[in-house]
Structures are given as structure tokens and as C-alpha cells.
Amino acid sequence: MRNINTVKQEFLKKWIWGLRKYSSQKKNMSLLERKKAIKLSADLAMASTRNKTTRWSKALIANASKNSNNKVLTEHVLGSSPPVRKSSTNYSHSTRMRSCRNRLRRNRAVHIPKDRVVASFIARKLVQKRTRRLKSLLPGGEFMDDVSLVEETLDYVQSLRAQVEVMRCFVTASELMILNPS
């Protein structure tokens, strides 16, 4: 990932620009509409700072552009029309791993105690459950293999942290301006 300060500056610029564009389209917004506008513009700004290089950023952009009301904002924040989301997945790595594992299991002639088998079964099920949960949390995660999922999750968390820091600074600056109008 690029320098975090550069990412924060780019995010702030695109986020504010997206908020202005959204508010110029709708003059009288309800509280719920404002919340959606803030979230949408923040998601698009963060995804666009990644230059469409990650799957989660492509998924966020694709989800935002599904709604016809958001297409204009999406195009303005990104500077072009949004990419079409492909749902093709590369299963070759996971298929190979599964077949290798199956071969190893067939070739094993060692007797494993029953309590160890039960413990490994429980551990495997727990990992599978947590992996499914993580895939549901990460934008576009349902189409990723486990290795990509971990890499994308780390990048997404880092981007979310930068987003939160920028928003906190923005709120602090807004509060200072309200208290000291000069």
C-alpha cells in the first residue's frame, strides 16, 4: 500500500468532493439520506484511492453503481464509468490442494487416536465457520479463495483505519470551527 498520509489526503479530497456532488443533486435530505450519502461517498472515495487494484474496492464500486441514483456520483468520484463486476473465480489452487490432501489421506497407514481426530474435526469446522463469516464481511469476499481472502482483508482493514482517522480529524476540525467561529 502507498504512503498512508497520501492515501488519507486523497481519500479526504474525494470524500468531500463526493459529498458536495451528492448534496448538489438533492437539496432537502432527511437524516437517513444524509447517512447514506456519507457512507456511499466514503466507500467510493476509499475504493477509488486503491485505483481498482483490489477485489474489495471493485466490489464496493460495483455495489454502488447498481443503483441508478448512485451511478452519477460513482462516475464523478471515479472519473469514468464503473467497471462491470465479473464473478469468475480461480479455483485451480484450491482444487489442487484438495486433491493433494485426498491423496495424502489415502496413503496414510498410521493409526490416529480418536480424540485427536475429533479435535482436528472441531478445529477444521471452526476455521470454516470463521472463514465463511469473514467472506460475508469483506466486500466481494464470497468470490475469494482463502489466501486471497486474508490478503484482501488485511488491505481492507488498513484502508478502513485510514478512513476512520480521516473522519475523526474531520469531526474534530468541524467542532473546533463551531466553538471558535473567528
Side-chain angles (χ1 to χ4, degrees), residues 1-19 22 30-71 73-78 81-98 101 119-171:
M1 193 170 179
R2 299 181 318 213
N3 180 359
I4 195 72
N5 289 328
T6 308
V7 171
K8 288 179 186 178
Q9 288 173 352
E10 187 178 349
F11 166 74
L12 181 61
K13 184 176 108 181
K14 289 183 178 187
W15 182 44
I16 291 174
W17 195 83
L19 286 172
Y22 200 91
S30 68
L31 187 61
L32 183 62
E33 288 175 322
R34 286 182 187 174
K35 178 184 169 187
K36 286 181 182 179
I38 291 169
K39 181 171 177 13
L40 175 67
S41 58
D43 284 348
L44 288 174
M46 188 51 66
S48 67
T49 59
R50 298 300 296 138
N51 296 326
K52 302 174 204 162
T53 57
T54 58
R55 292 181 189 176
W56 64 262
S57 64
K58 291 175 187 175
L60 277 177
I61 293 166
N63 289 339
S65 62
K66 283 180 186 175
N67 187 340
S68 60
N69 296 336
N70 301 338
K71 280 187 181 181
L73 181 64
T74 305
E75 290 174 5
H76 282 286
V77 171
L78 299 174
S81 60
V84 177
R85 184 174 178 182
K86 297 177 185 174
S87 57
S88 64
T89 313
N90 185 5
Y91 290 107
S92 62
H93 176 70
S94 61
T95 306
R96 263 184 288 156
M97 291 295 289
R98 223 176 285 125
R101 243 185 269 135
S120 68
F121 177 77
I122 292 171
R124 193 177 319 115
K125 287 295 181 186
L126 187 62
V127 168
Q128 289 173 350
K129 180 180 176 184
R130 289 181 178 173
T131 302
R132 278 194 307 273
R133 178 70 177 136
L134 185 58
K135 283 183 176 188
S136 71
L137 291 172
L138 187 70
E142 57 272 1
F143 302 110
M144 293 180 207
D145 60 303
D146 293 350
V147 175
S148 298
L149 181 69
V150 171
E151 292 171 355
E152 293 277 330
T153 301
L154 291 172
D155 187 71
Y156 186 59
V157 167
Q158 191 175 18
S159 297
L160 286 175
R161 282 186 179 160
Q163 185 179 21
V164 167
E165 287 177 28
V166 168
M167 289 180 165
R168 282 185 179 153
C169 290
F170 189 74
V171 168

ask   = Short question: side chain of Ser57, backbone of Thr54 - any donor-acceptor pair under 3.5 Å?
value = yes

query = Less than 4.5 Å apart, any side-chain heavy atom of Val171 and any of Met167?
reply = no

ask   = Can you name the nearest heavy-atom pair linking Ser30 to Glu33, along with the distance?
value = N-OE1, 2.9 Å

ask   = Taking the side chain as C-beta and beyond, is there a heavy-atom pair between Leu154 and Gln158 under 4.5 Å?
value = no

message = Side chains of Phe11 and Glu165, heavy atoms from C-beta outward: is any pair under 4.5 Å?
response = no

query = Would you say Leu126 has more than 12 foreign heavy atoms packed within less than 6.0 Å of its CG?
reply = yes

message = Do Ile16 and Phe170 make a side-chain contact, defined as non-hydrogen atoms from C-beta onward lying under 4.5 Å apart?
response = yes

query = Hey, is the main chain of Met144 close enough, under 3.5 Å, to the side chain of Lys135 for a donor-acceptor pair?
reply = yes

ask   = Side chains of Ile38 and Leu19: closer than 4.5 Å at any heavy-atom pair?
value = yes

task = Identify the heavy atoms of Ser159 and Trp56 that sit nearest to each other, and give their distance.
result = OG-CZ2, 3.4 Å

inquiry  = I need the Leu134 CG to Leu149 CG distance, nearest 0.5 Å.
reply    = 4.0 Å

request  = Flag the pair Leu32 / Lys36 as yes when at least one side-chain heavy-atom distance between them is below 4.5 Å, and no otherwise.
outcome  = yes

ask   = Does the side chain of Gln128 come within less than 4.5 Å of Arg132's, by heavy atoms?
value = yes

inquiry  = How close do Glu10 and Ser48 get, counting heavy atoms only, and between which atoms?
reply    = OE2-O, 4.0 Å

inquiry  = Please find the pair of heavy atoms, one from Leu60 and one from Ala47, that lie closest to each other, and give the distance.
reply    = CB-CB, 4.2 Å

remark   = Closest non-hydrogen contact found for Ser41 with Gly18 is CB-C, 4.0 Å

request  = Find the distance between NZ (Lys8) and CH2 (Trp15) and round it off to the nearest 0.5 Å.
outcome  = 14.0 Å

request  = Might you point out which heavy atoms bring Pro139 and Ala59 nearest each other, and give the distance in Å?
outcome  = C-CB, 3.6 Å

request  = State whether the side chain of Glu152 and the backbone N or O of Arg55 hold a donor-acceptor pair below 3.5 Å, judged by distance alone.
outcome  = yes

query = From Lys125 NZ over to Ile122 CD1, what is the distance, rounded to the nearest 0.5 angstrom?
reply = 11.5 Å

